[in-house]
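Below is one structure, written out as structure tokens; comments come after it.
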Amino acid sequence: MRTQVGIVGAGPAGLMLAQILHLHGIDSVVLECRSREYVIERVRAGVLEQGTVDLMIQSGVGERLAREGMRHEGVHLAFLGARHRVDFVGLTGKAITVYGQNEVVKDLIDARRATGRPLHFEVEGVSVHALDSNTPRIRYQSGGQEHELVCDFIAGCDGFHGICRPSIPAGVLTAYERVYPFAWLGILAQAAPASEELVYALHERGFALFSMRSPRVTRLYLQCAADEDLEKWPDERIWEELITRLAMRDGWKPNVGPVLQKGITGMRSFVVEPMQYYRLFLAGDAAHIVPPTGAKGLNLAVSDVLLLSRGLAHSYQSGRRDLLDRYSADCLRRVWKAQRFSWWMTSMLHRQDDGNPFDYRRQLAELDYITSSRAAMTSLAENYVGLPID
Ligand code: FAD
Ligand code: PHB
């Protein structure tokens, strides 16, 4: 079997890449090791930058997003029992949209199906070969048979735990990493959102985040230990802790309801350089991870594949490789700015458990400064709504 671009992974990066390539008339095969149901039900990100929304609409996959996505014109930063609004539209002219990553993935899968181009779920034993040749190959098993896909290019969109990045020979990539000594315990609850906008809170007992998925579903997170045992968190304990950290002096607190789903997410900053090895290109979480406090992961995955699709289209149209050769450098400039922002938001909003009260006082001063200085608030806002893609 032959294709122009072999795409490993049907997360936001792989599926979005497949869609944009389709619009350029470039064929691809998408290979995913999980089932369609698993991919669609996996609850993850929720915040889309305006650039991500615009790209989805331009790419013909934004119809339901435009209808059901919740446009948010600001967020709240909460500390010492009070909320302070950051007015994104007033400060930057841009907004964000709250729309679940699983909805994005669902829309992209539906769009892929409509093109009739191949998307294979539950493939096994995926491996990549001949990466430094002009015809790199992907081998995999599906339906009990061995397959070999001969490609012009391979896109490694297989997330942090995928096989593409580790298939690059040792010594080629440099990894930069920071692992944080805490994690997030997240729940999805059947409860109407009590606020129209997100609330990021720093409390003496740790960070908490109020978010949402729909007019009937609230999404909440609280800072917990890096090795936290979910078994030790019955629903009542989760709600008690969330209310303690999120209840404000003016009486605001999240609405409580049945817990639909819960899980723990580790916190890591990670980048590999370069994001390319001959004809293998890494995109999204396969190349970089950010802690979720800045809501950047999905958006970075989308901006990577936009740049990759431009490079590939340019190469097929002109026979020239200059744009493709710049892929890694162009992505990394944006990736590192998102890394900086995500690290900064994380450091500002989480308790460091080292027994020294200095940092908490400093963090409160930082939040006080941010929420009272237009210049500081504008800096937060322009990063949160998304820096220009190029
Ligand atoms: P993934 O979504 O990980 O997709 C990779 C795909 O490859 C998966 O479907 C996987 O099954 C498949 N795969 C893996 N290995 C193989 C293989 N060997 N063969 C075939 N397929 C393979 N980001 C934001 O922008 N905003 C947010 O608000 C936000 N909140 C988050 C909250 C949480 C709790 C978490 C966990 C993450 C959050 N993120 C957020 C990050 C965001 O979810 C990721 O950055 C995003 O999923 C990256 O997309 P991706 O396509 O690169 O990788
Ligand atoms: C979410 O709604 O899941 C969400 C929102 C903001 C973040 C992270 C996650 O920073």
Side-chain angles (χ1 to χ4, degrees), residues 6-18 30-36 38-40 42-49 51-52 70 72 75 96-102 104-105 108-109 119-128 138-142 155-167 183-188 193 197-200 207 209-214 217-221 261-268 270 282-305 335 338 341-342 345-346 349 384 386:
I7 301 177
V8 186
L15 291 166
M16 193 70 200
L17 178 63
V30 185
L31 300 172
E32 167 62 48
C33 60
R34 302 282 191 168
S35 69
R36 179 177 181 275
Y38 181 92
V39 170
I40 287 178
R42 190 163 46 187
V43 179
R44 293 174 90 181
V47 173
L48 307 186
E49 294 175 357
T52 302
M70 294 178 281
H72 285 203
V75 292
I96 52 153
T97 298
V98 173
Y99 190 68
Q101 173 169 331
N102 51 323
V104 171
V105 164
L108 287 167
I109 291 174
L119 161 57
H120 302 299
F121 289 101
E122 297 179 71
V123 301
E124 290 175 348
V126 177
S127 57
V128 291
I138 307 179
R139 293 199 193 118
Y140 62 99
Q141 291 125 33
S142 176
C157 302
D158 49 350
F160 184 64
H161 301 287
I163 52 97
C164 288
R165 190 182 66 247
S167 302
W184 281 12
L185 193 165
I187 63 165
L188 203 60
E197 294 175 337
L198 273 57
V199 182
Y200 286 85
F207 171 77
L209 170 61
F210 164 90
S211 180
M212 64 199 71
R213 283 296 178 272
S214 75
V217 176
T218 300
R219 176 88 168 133
L220 296 143
Y221 298 96
Q261 193 261 1
K262 58 181 158 181
I264 290 180
T265 306
M267 307 274 277
R268 182 192 296 272
F270 175 85
L282 302 176
D285 279 16
H288 41 71
I289 295 284
V290 283
T293 330
K296 289 279 162 261
L298 186 159
N299 294 293
L300 277 182
V302 168
S303 54
D304 283 356
V305 298
V335 165
F341 178 67
S342 304
M345 287 283 281
T346 303
L349 288 163
Y384 198 97

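Numbering of ligands and ligand atoms starts at 1, following listing order.
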request  = Identify, by atom number and element, the atoms of ligand 2 in contact range of P292, meaning under 4.0 Å from any of its heavy atoms.
outcome  = 7 (C), 8 (C), 10 (O)
task = Please report which non-hydrogen protein atom sits nearest to atom 18 (N) of ligand 1, along with the residue it belongs to and the distance in Å to one decimal place.
result = I163 CG1, 3.5 Å
ask   = How does V126 reach ligand 1, if at all, at less than 4.0 Å between non-hydrogen atoms: by side chain, backbone, both, or neither?
value = side chain
query = At a 4.0 Å threshold, what atoms of ligand 2 neighbour a non-hydrogen atom of V47?
reply = 5 (C), 6 (C)
message = I want to know if ligand 2 touches Y200 in the polar sense, i.e. an N/O pair below 3.5 angstrom.
response = yes
ask   = Under 4.0 Å from ligand 1, counting heavy atoms only, is it the side chain of R42, its backbone, both or neither?
value = side chain
inquiry  = Yes or no: does R213 have any heavy atom under 4.0 Å from an atom of ligand 2?
reply    = yes
request  = Evaluate the side chain to side chain contact (heavy atoms under 4.5 Å, CB included) criterion for residues L209 and V199: first the C-alpha distance (whole Å), next the side-chain angles of each, then the deciding distance (0.1 Å), finally the verdict.
outcome  = CA-CA 6 Å; L209 170 61; V199 182; 5.9 Å; no
message = I'd like to know if V98 contacts ligand 2, where contact means a heavy-atom distance under 4.0 Å to any ligand atom.
response = no
remark   = Heavy-atom proximity to atom 9 (O) of ligand 1 ranks first, among M16, E32, M267, H288, for E32
note = Among non-hydrogen protein atoms, atom 41 (C) of ligand 1 lies closest to G297 CA, 3.9 Å
Atoms in ligand 2 flagged as close to A295, the criterion being non-hydrogen separation under 4.0 Å = 7 (C), 10 (O)
ask   = Does at least one non-hydrogen atom of G186 fall below 4.0 angstrom from an atom of ligand 1?
value = no
ask   = Side chain, backbone, both or neither: which part of L31 comes within less than 4.0 Å of ligand 1 when only heavy atoms are counted?
value = backbone
ask   = Is the closest basic N to carboxylate O distance between E49 and K296 below 4.0 Å?
value = yes
note = Quick note on ligand 2: atoms under 4.0 Å from a heavy atom of R44 include exactly 3 (O)
Side chain, backbone, both or neither: T265 near ligand 1, heavy atoms under 4.0 Å = side chain
inquiry  = Below 4.0 Å, non-hydrogen atoms only: which portion of S211 touches ligand 2? Side chain, backbone, both or neither.
reply    = side chain
query = atom 28 (O) of ligand 1: which of S342, P291, G46 has the nearest heavy atom?
reply = G46
request  = Indicate yes or no: does an N/O atom of L198 lie under 3.5 Å from an N/O atom of ligand 2?
outcome  = no
Residue and atom name of the nearest protein heavy atom (relative to atom 25 (O) of ligand 1), distance in Å to one decimal = L298 N, 2.7 Å
key: Q101, portion touching ligand 1 at heavy-atom distance under 4.0 Å   = side chain
ask   = Which is it for Y221 and ligand 1 at heavy atoms under 4.0 Å: side chain, backbone, both or neither?
value = side chain
ask   = Given that the side chain starts at C-beta and the backbone is N, CA, C, O, which of these parts of W184 lies under 4.0 Å from ligand 2, counting heavy atoms, or is it both or neither?
value = side chain
inquiry  = Nearest non-hydrogen contact with atom 17 (C) of ligand 1 belongs to which option: G11, C33, P166?
reply    = C33
request  = Could you find the nearest protein heavy atom to atom 39 (N) of ligand 1 and give me its residue, atom name and distance?
outcome  = A45 CB, 3.6 Å
